[in-house]
Amino acid sequence: MSACAPPRTEHSPPPTTPSPRRRRFRVEGADISASVAVFLIALPLSLGIALATGAPLQAGLVAAAVGGIVAGRIGGCPLQVSGPAAGLTVVTADLIHQYGWRATCGITVLAGLAQLGLGCLKVARGALAVSPAVVHGMLAGIGITIAVAQLHIVLGGRPDSSVLTNLRALPAQLARLDPAALVISALTLTLLFAWPRIPDPVGSRLRKVPAALVAVVGATVTAALTGLTLPRVDLPSWRSHALAGLPQGPTLGIVAAVLTTTLVCSVQSLLGAVAVDKLAANRTGPARVGRSDLDRELLGQGAANIVSGALGGLPVAGVAVRSTANVNSGAVSRNSTMLHGGLVVIAALLLVPLLEQIPLASLAALVMAVGIQMVSLNHIRTVTRHREVPVYIATTLGVVCLNVLQGVLLGIAVAVALALHRLTHTHVTHEEKEGVHHLRVRGQLTFLAVPRLSRALHRVPAGTRAVVELDGSFMDHAAYEALQDWRSSHTARGGSAELKDRRAGMRSASPPSSAVCRCRPWTPWRNHRCAMPAATMSKGAADSTGVARLDTRELARGISSFQRNTAPLVREELARLAKEGQRPSQLFLTCADSRLVTSMITASGPGDLFVVRNVGNLVPPPGQEHADDSVAAAIEYAVDVLGVRSITVCGHSGCGAMQALLAAEPGAAPTPLRRWLRYGEPSLARLADGRPERPRLAPRPVADAVEELSLANVVQQLAHLRAHESVARALAAGALELHGMYFHVGEARAYLLGDEGAEAEGAVFHEVREDTGEDVRETPEVGSLV
């Protein structure tokens, strides 16, 4: 025993190692099973992509292992799986044809360094500014290039590096096709597409085995049993494996090659990370991971490309199909991605004899299917709906006929030209029907369209009824003022003017006047000024204490403002709700405090929330003598009649009811308020019964006793809620969820109760992160075999 160590007694606890060290290497069972599923998909795809690029087949295994281990450990998207991606096939094949394999590895290293630089500059979100039509077109062009090239191998030939050359050579290749290669390829494609469609209940168990693995194994076993003579996978000894070398050639050409590799790797990885976030957020289950750090993800991808290129591997990027399998298999941390990389290393060292039995035609058919699926019909429908077909076609043709970088630049140029055309071409039409003048504005309302808009507006005769239909997504200050000035003038001359927004989310660049309250859907709350002007206050009546009281004219002024400004915009939606009836999805039970505007803090509209408000957001428990039934009636109606799917109890900071509970004196007169607040007394008891853990906020300590009681009250009222018969029945059937929420008025910040719920000893309220925009843009389909 060391002289400095205290002597142990029989009551001394045994020495333990620090707990963080034990947890650091702990691997969840879900991560292990997910890593196996991803490994079974990655193995054949990595070999197939290496074959499609013309690189040594071992390069695909190197990239898969490095992508899993390095990018998985450093990257900012824990559940995204990186490795050789089909989107990089055309770029890599062109680099190998032009510079050779070792120089291509050197270019991969340089691209990784460029990614590290971009990550340090924190420009990752800039990649998300690329038009989705350009990204979809790039993937479609790469997919076409892959499919046409691999078709030659499927038919028993060898492809050229040019798409147009491969298309011209197809008739000659069909004349000399290899029947054995064609049979094995057809079997691979049949298994690949039929395996996921095996009917239940047998199919639900069989589908746990990846279709790509089944297709390749089935083709390999068939070729071995039938004795077909076919080219097979050839993995040379690792001792002769080629490492990276310095690229030789024109400087501008090498710079363009590095930029192309950096662009494709970065955009595909970042968009993939955003898509994985969506997939993980929609996943059911208790385990949740945080949102991706895109700048860190760029750093992880750069480090992986440096290591992969230096070790003679293919370029690395986030891969959608492996990431989808990882999320759907229940992975809960980055350990699954790293374990999959370790399994690839083991396979590359120990399974070489088995891998060398795989026919090349089977891998070519697998990669050809990947290329076909990259031309997504869903992407085409999306760009058609958004009228961006020219951008999609230009990018696709540019990638097919030129190269990836030039195709992307061409697509961006067309996207910019199309945006400028839409910005400067606004169509204004005017027609009269049954004495009503209809003006329709199609396009963006900017200052460039004001002269055209003014000419059309002044064609409307004085004293007539006019309806202006806005069919655009933006209106700047100049257009806003032109419309408002014309409407004021037209109304003053005895006419009427109605503005209709044909598209949801119409935005205006003009703030509303402070003199008149115009709460339009596009009006920012920070510009909201509905306070009564001083002049109005001075004209209002005063009571005996000299304090001005609210004049009824102020209420009438607000109603008039609604009828004039807001009603025309919401009339159509309210008419639909009046006809169809209310169908809210949530019951929102909150305090009657005037500072809590439920539609504002939940970004909801008419028909979304069934709201119950009372002093202190209290839920009287059932079965008590003289219990108040008003809240219970609302709960029963919401659950049994409206069929809401969730109930939220929302407390808030500075709650007067909680202050009254804390200041209550025993034996005071039982006023109506005191009788009502008795339903909050169990919340006081929750804090006073000596429990070691109290409700708290995750990001900071509780500010004061009122805030602590407000948090405890939310937890306690959820417990009361569970005691109601209709709620208990819906919870048992899995048709209802309960949520707790705390809103800090001064911070304008919301906190949600964690998954531990109302029955936890130490409930924790977690801050709701602000939306940073990653989730509102379109991304490539995660489920595609990219």
Side-chain angles (χ1 to χ4, degrees), residues 27-49 60-61 63-69 71-72 75 77-87 188 191-198 203-217 268-269 271-285 287-289 292 297 304 316-344 346-347 363 366-367 369-370 373-374 376 779-786:
V27 179
E28 300 287 344
D31 283 333
I32 296 176
S33 60
S35 67
V36 173
V38 175
F39 161 72
L40 294 178
I41 296 173
L43 193 63
L45 278 178
S46 300
L47 292 173
I49 291 172
L61 300 177
V66 171
I69 297 173
C77 183
L79 300 186
Q80 176 163 250
V81 182
S82 301
T188 302
L191 291 173
L192 183 66
F193 292 110
W195 190 257
R197 292 171 174 80
I198 298 177
S204 61
R205 293 191 293 270
L206 294 179
R207 281 193 293 272
K208 294 180 180 179
V209 182
L213 179 67
V214 172
V216 173
V217 170
Q268 181 166 337
S269 299
L271 295 182
V274 174
V276 168
D277 279 350
K278 290 183 180 180
L279 199 63
N282 295 330
R283 182 176 61 178
T284 57
R288 293 295 180 96
V289 295
S292 298
E297 179 65 16
V316 170
V319 190
V321 66
R322 281 164 253 182
S323 302
T324 304
N326 194 38
V327 175
N328 292 340
S329 298
V332 295
S333 72
R334 61 180 73 247
N335 290 333
S336 62
T337 301
M338 298 170 63
L339 283 174
H340 126 269
L343 292 175
V344 172
I346 295 173
L363 294 179
L366 177 65
V367 177
V370 171
Q373 291 185 352
M374 290 174 71
S376 170
T779 57
E781 286 184 349
V782 183
S784 62
L785 286 174
V786 178

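Atom CD1 of Ile32 sits about 10.5 Å away from atom OG of Ser336, to the nearest 0.5 Å. Leu366 CG to Ile49 CD1: the interatomic distance, rounded to the nearest 0.5 Å, is 8.5 Å.
Of all non-hydrogen atoms in Pro84 and Val319, the two that sit nearest each other are O-CG2, 3.9 Å. When all heavy atoms are compared, the tightest approach of Arg322 to Ser46 is NH1-OG, 3.8 Å. The two residues Gln268 and Gly87 have their closest heavy-atom pair at OE1-CA, 3.6 Å. Closest non-hydrogen pair, Val316 versus Ala63, comes out as CG2-O, 3.8 Å. For the residue pair Ala325 and Ile41, the shortest heavy atom distance occurs at CB-CD1, 3.5 Å.
Judged purely by atom type and a 3.5 angstrom limit, Ser333 uses its side chain to pair as donor or acceptor with the backbone of Asn335. Of the possible polar contacts, one joining the Arg334 side chain to the Gly72 backbone as a donor-acceptor pair under 3.5 Å is found. A distance-only check finds a donor-acceptor pair linking the side chain of Ser33 to the backbone of Ala30 [under 3.5 Å]. At least one donor-acceptor pair closer than 3.5 Å links the side chain of Arg207 to the backbone N or O of Ile198. Of the possible polar contacts, one joining the Asn326 side chain to the Leu79 backbone as a donor-acceptor pair under 3.5 Å is found. Side chain of Gln80 to backbone of Ala273: a donor-acceptor contact under 3.5 angstrom is found. In this structure, the side chain of Trp195 does not engage the main chain of Ala212 through any donor-acceptor pair within 3.5 Å. A donor-acceptor pair under 3.5 Å is formed between the side chain of Asp277 and the backbone N or O of Ser292. Within the 3.5 Å criterion, the main-chain N or O of Val81 finds a donor-acceptor partner in the side chain of Ser323.
The closest side-chain heavy-atom distance from Ser329 to Val38 is not below 4.5 Å.
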